[in-house]
Asker: 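Below are the structure tokens for one structure; questions will follow.
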Amino acid sequence: MLWSNIEAVVLWTQQAGPTTVPYVGLQRHPGLPPLPGSARSRGLRRMNRALVPHVPPAVLADSRPATLWRLHRPSIEAEVRHFAPAVEIVDAG
């Protein structure tokens, strides 16, 4: 994957019972092929829209949960500034 394909890195959370799960997602330029492992099935997209309506469907498909690792926003910001200063970081809540 190329940084030039990315419009924004999107940080968001999902409530999972008593806990909140942080996610990092990518807003990519329209028309690009799906990333490996992207959630593209119709049923999964429908379920995601119902559970996380505040995150765009394309970002949901290209998101990964921060489970078994810590999402450290200052590190993400430093990496994006270094490798792709034109890519914005969006906090979608």
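Just so you know, residue 1 is the first one in the sequence shown, and it goes up from there.
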Asker: So which heavy atom on Trp3 is nearest to which on Val87, and how close?
Answerer: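 The answer is O-CG2, 4.1 Å.
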Asker: To the nearest 0.5 Å, what is the distance between NE2 on His82 and CD on Glu77?
Answerer: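 Here the interatomic distance stands at 15.5 Å.
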Asker: May I have all residue pairs that pass side chain to side chain donor-acceptor pair (under 3.5 Å) and include part of residues 14-27, sequence neighbours excluded?
Answerer: Gln14-Tyr23, Gln15-Thr20
Asker: With the side chain counted from C-beta on, respond yes when Arg28 and Val59 share a heavy-atom pair under 4.5 Å apart, and no when they do not.
Answerer: no
Asker: Could you give the distance from CZ (Arg70) to OG1 (Thr67), rounded to the nearest 0.5 Å?
Answerer: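 Answer rounded to 0.5 Å: 15.0 Å.
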Asker: Atom CG of Leu26 and atom CG of Asn5: how far apart are they, to the nearest 0.5 Å?
Answerer: 10.0 Å
Asker: Give me each pair satisfying salt bridge (Lys or Arg N to Asp or Glu O under 4.0 Å) with a member in residues 78-93, each pair once, sequence neighbours excluded.
Answerer: Arg73-Asp91
Asker: Could you check Thr13 against Val21 for side-chain contact (heavy atoms from CB on, under 4.5 Å), going step by step and ending with a plain yes or no?
Answerer: CA-CA 5 Å; Thr13 59; Val21 179; over 6 Å; no
Asker: Determine the minimum heavy-atom distance between Val10 and Ala92, stating which atoms define it.
Answerer: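 Taking Val10 first and Ala92 second, the nearest heavy atoms are CG1-CB, 3.7 Å.
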Asker: What residues, two or more places apart in sequence or in another chain, satisfy side chain to side chain contact (heavy atoms under 4.5 Å, CB included) together with His29?
Answerer: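 Scan of His29 (side chain to side chain contact (heavy atoms under 4.5 Å, CB included), adjacent residues dropped) gives Glu7, Leu32.
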Asker: So do Leu11 and Ile89 actually touch side chain to side chain, heavy atoms under 4.5 Å?
Answerer: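 Ile89 reaches Leu11 side chain to side chain.
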Asker: For residues Trp12 and Gly25, report the shortest heavy-atom separation together with the two atoms involved.
Answerer: NE1-N, 4.4 Å
